Structure formats: structure tokens, C-alpha cells
Amino acid sequence: MRKILLQTALVAAFAGSAIAVAGPTVNGQQISDARVDAVAKMMEAQGQSVNPQARDQIKDQLVTAEVLRQEAVKKGLDKSPEFTAELQNMQSMALANRLIKDYEKANPVSDADLKAEYDKLVASVPETKQFHARHILVKSEAEAKSVIDALKKGKSFDKLAKEKSQDPGSKANGGDLGWQEAGTFVAPFSEAMSKLAKGEVTAKPVKTEYGWHVIKLDDVRTQRNVPQLEEIRPQLTQRVMGGRIEKYVADLKAKAQIQQ
């Protein structure tokens with residue numbers, strides 16, 4: 001933290017004077033509360049909390065920076081071309097950041113803007129097909145055929161799954177596998193399931209590396225895997241504002257006379 005404070009304090013020390021409330025002085029040079037506030041805001045923008053103890057640390061670092069600044073001036077380092085260039089760059093970036101913040105404040109993102117951006121996002125995501133299936137897993141083909149015969153005689157799929165299935169993950173739920181995309185399952189299972197109509201059961205047992213399956217398809221749906229708007233509100237806000245700022249900057253550059 002001390003390193004961060006020193007870096008921001010040095011920026012504040014060389015950033016120029018400000019009209020201010022009384023603060024500490026170094027050889028008669030006052031360090032204003034405005035400069036302390038400027039460093040505090042930079043820290044808060046980085047997610048750091050600024051309590052009274054932190055403000056005291058900021059003041060201490062600003063005092064250190066001012067002592068160093070005065071010594072640098074005595075040595076004439078403020079007259080070097082490198083320092084002049086650094087100062088110009090710092091000033092340009094600081095003013096540019098202020099301009100962007102001013103633009104953001106004057107052009108807030110409304111709920112209607114977010115809804116429009118969300119609708120565009122939803123439309124850009126392809127629909128996926130999902131299957132709600134059940135299965136009964138047994139060890140042999142003969143057992144699977146016996147299950148199919150029992151189903152044909154009217155026995156409940158749910159009851160048979162609880163009695164016969166060797167799949168511990170779905171047995172207690174009547175073989176229910178929930179909503180899944182076809183690619184979730186191994187190929188033979190997926191291919192057989194995808195050919196079923198709603199409510200239909202595989203006419204023949206399906207062999208996979210896990211054993212023999214009897215599959216029932218409960219339902220099919222298509223949907224887009226997109227979070228609800230409120231779940232991604234901050235990201236959407238940033239996306240909309242980012243696009244506006246990009247256009248704003250591009251427009252300003254287009255109007256400026258720039259020579260390379």
C-alpha cells in the first residue's frame with residue numbers, strides 16, 4: 001500500500017497547485033486538502049477504502065513527495081526535457097480522463113438503452129436444442145429387453161427405473177436426467193434419444209460403454225443460453241457506455257487536424 005500511496009502522492013505533488021484548505025507545509029509550501037482528496041479518490045477508484053488513518057498516510061506520503069520535489073527543483077531536474085514531456089503526458093491523460101467522466105455523467109445509460117442492448121445480445125446467441133430424457137441402465141441386453149416388455153404391458157417407467165436401473169445418479173428420480181443438450185451424452189445414447197418423439201421409448205436396447213439403456217424422451221425445447229438482464233446489468237452498462245465513448249472519441253479525432 002505504501003508503494004501505491006507514494007506513486008499517487010508523487011503524481012499529486014507534480015500536478016500543480018490548487019486552491020485549498022489548510023494542510024501540512026514543507027518549507028512554507030502548503031499541501032492542500034484538495035491534493036489529499038485527489039489521492040483518496042484515486043485510491044477509492046481502485047477499490048481501496050480511505051479511513052482517517054489512510055488519510056494520515058496520504059498526507060505523510062504527500063509530505064515526502066513534496067520534500068523530494070523541492071530537492072529535484074534545486075537540482076534543476078524540473079528543467080529537463082524528459083520531465084517536461086512526462087508532465088505534459090500526465091496532464092493530457094488527467095484531462096482526458098476528466099473529459100470522459102464528464103461525458104459519462106452527461107450521457108447516462110438508461111433502462112431502455114440496456115434493454116435494447118440486451119435484446120441485441122439475445123438475438124446474437126444461437127438457439128440450442130435440449131432434451132428432457134429418462135433412462136434405465138442395466139447390465140445385459142436381456143435385462144433391457146425385459147424392461148421394454150414390462151413398459152409395453154403398462155408398467156410405469158418411473159417405477160421400473162427405481163427398481164432396475166444401475167445408474168445411482170438418476171435411479172431415485174425415476175431415471176430423470178433433466179434438461180441436457182444431446183452432446184452431453186455418449187454418441188450411441190445421444191443418437192437414439194434424438195430420434196425419439198416426445199413420450200416415446202426406445203424400441204430396442206441401446207448399448208454404450210456403461211451398459212444397456214432403455215431411454216424415454218419426455219420433452220424437447222430450444223432456448224438461448226443467455227443470463228437474465230439483471231445478472232449482467234453492470235457488464236451491459238459498461239458495454240453500452242464503452243461504445244458511446246468510442247464513437248465520441250472517434251468523432252473528436254475526425255474533427256481535429258492531425259498530422260503524423
Side-chain angles (χ1 to χ4, degrees), residues 1-111 113-114 230 232-253 255-258:
M1 180 178 175
R2 288 184 63 82
K3 184 177 179 181
I4 294 172
L5 280 173
L6 181 57
Q7 289 173 340
T8 52
L10 285 169
V11 170
F14 286 106
S17 59
I19 299 173
V21 183
T25 62
V26 177
N27 297 322
Q29 178 68 46
Q30 189 177 79
I31 298 172
S32 67
D33 278 351
R35 287 173 61 183
V36 176
D37 291 340
V39 176
K41 287 179 180 178
M42 287 196 291
M43 291 174 61
E44 288 172 340
Q46 295 169 2
Q48 301 179 57
S49 61
V50 180
N51 53 29
Q53 182 181 1
R55 287 186 67 87
D56 287 341
Q57 289 179 320
I58 292 171
K59 289 179 182 179
D60 181 62
Q61 292 298 317
L62 283 172
V63 167
T64 300
E66 180 60 27
V67 169
L68 296 175
R69 185 196 72 81
Q70 291 181 18
E71 185 63 21
V73 170
K74 286 180 185 178
K75 292 179 175 292
L77 299 180
D78 59 324
K79 302 295 192 294
S80 69
E82 292 85 358
F83 172 74
T84 301
E86 286 178 15
L87 198 58
Q88 288 173 339
N89 287 339
M90 287 166 57
Q91 185 180 54
S92 293
M93 293 305 299
L95 285 173
N97 288 334
R98 283 183 175 275
L99 178 64
I100 295 302
K101 288 179 181 178
D102 181 72
Y103 178 86
E104 290 175 340
K105 186 177 180 180
N107 298 274
V109 177
S110 68
D111 287 343
D113 296 329
L114 283 181
E230 288 305 318
I232 55 174
R233 176 178 284 270
Q235 295 92 324
L236 279 178
T237 302
Q238 186 176 19
R239 178 168 168 169
V240 172
M241 184 57 73
R244 289 181 181 178
I245 291 171
E246 188 175 336
K247 184 179 183 305
Y248 175 59
V249 173
D251 289 344
L252 288 176
K253 289 180 72 175
K255 293 175 185 177
Q257 295 182 1
I258 301 174

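What you see is a predicted model; the values in this text were computed from it and never measured. The first residue in the sequence is number 1, and the count goes up from there.
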Checklist entry - Under a 4.0 Å N-O cut-off, is there an ion pair linking Lys247 with Asp251? => result yes

Next on the checklist: Looking at every heavy atom in both Val50 and Ala40, which two are closest together, and how far apart are they?
Outcome noted: CG2-O, 3.7 Å

Next on the checklist: Between Glu230 and Arg233, does any NZ, NE, NH1 or NH2 come within less than 4.0 Å of an OD or OE carboxylate oxygen?
Outcome noted: yes

Next on the checklist: So, taking the atom named CD in Gln29 and the one named CD in Glu66, what distance separates them when rounded to the nearest 0.5 Å?
Outcome noted: 5.0 Å

Item to check | Residue pair Ser110 / Asp113, side-chain donor-acceptor N/O under 3.5 Å | outcome: yes

Checklist entry - Mind checking what makes side-chain contact (heavy atoms from CB on, under 4.5 Å) contact with Lys79, not counting sequence neighbours? => result none

Item to check | Nearest-0.5 Å distance that lies between atom CG in Leu62 and atom NZ in Lys59 | outcome: 10.0 Å

Next on the checklist: Return the CD to CG distance between Glu82 and Leu77, rounded to the nearest 0.5 Å.
Outcome noted: 10.0 Å

Checklist entry - Do you know the tightest heavy-atom contact between Asp78 and Thr84? => result O-OG1, 4.3 Å

Checklist entry - Between atom CG of Asp102 and atom CG of Asn97, what is the distance when rounded to the nearest 0.5 Å? => result 12.5 Å

Item to check | Side chain to side chain, Ile58 and Met43, heavy atoms closer than 4.5 Å | outcome: yes

Next on the checklist: How close do Asp37 and Arg55 get, counting heavy atoms only, and between which atoms?
Outcome noted: OD1-NH2, 2.9 Å

Checklist entry - Does any N or O in the side chain of Ser80 come within less than 3.5 Å of the main-chain N or O of Gly76, such that one atom is a donor and the other an acceptor? => result no

Checklist entry - So, Lys41 and Glu44, do they make that salt bridge, N to O below 4.0 Å? => result no

Checklist outcome for this item: Between Leu99 and Leu252, the two heavy atoms sitting closest are CD2-CD1, 4.3 Å

Next on the checklist: Is it true that Gln53 and Gln57 share a donor-acceptor pair across their side chains at a distance under 3.5 Å?
Outcome noted: no

Checklist outcome for this item: In this structure, NZ of Lys253 is separated from OH of Tyr248 (nearest 0.5 Å) by 14.0 Å

Next on the checklist: Between Arg244 and Glu104 (side chain of the first, backbone of the second, donor and acceptor by atom type, cut-off under 3.5 Å), is there such a pair?
Outcome noted: no

Checklist entry - Are any of the side-chain heavy atoms of Val249 and Tyr103 separated by less than 4.5 Å? => result no

Checklist outcome for this item: Across all chains, not counting sequence neighbours, the side-chain contact (heavy atoms from CB on, under 4.5 Å) partners of Leu95 are Gln91

Item to check | Nearest atoms (heavy-atom pairs only) where Ser49 meets Ala54 | outcome: O-CB, 4.3 Å

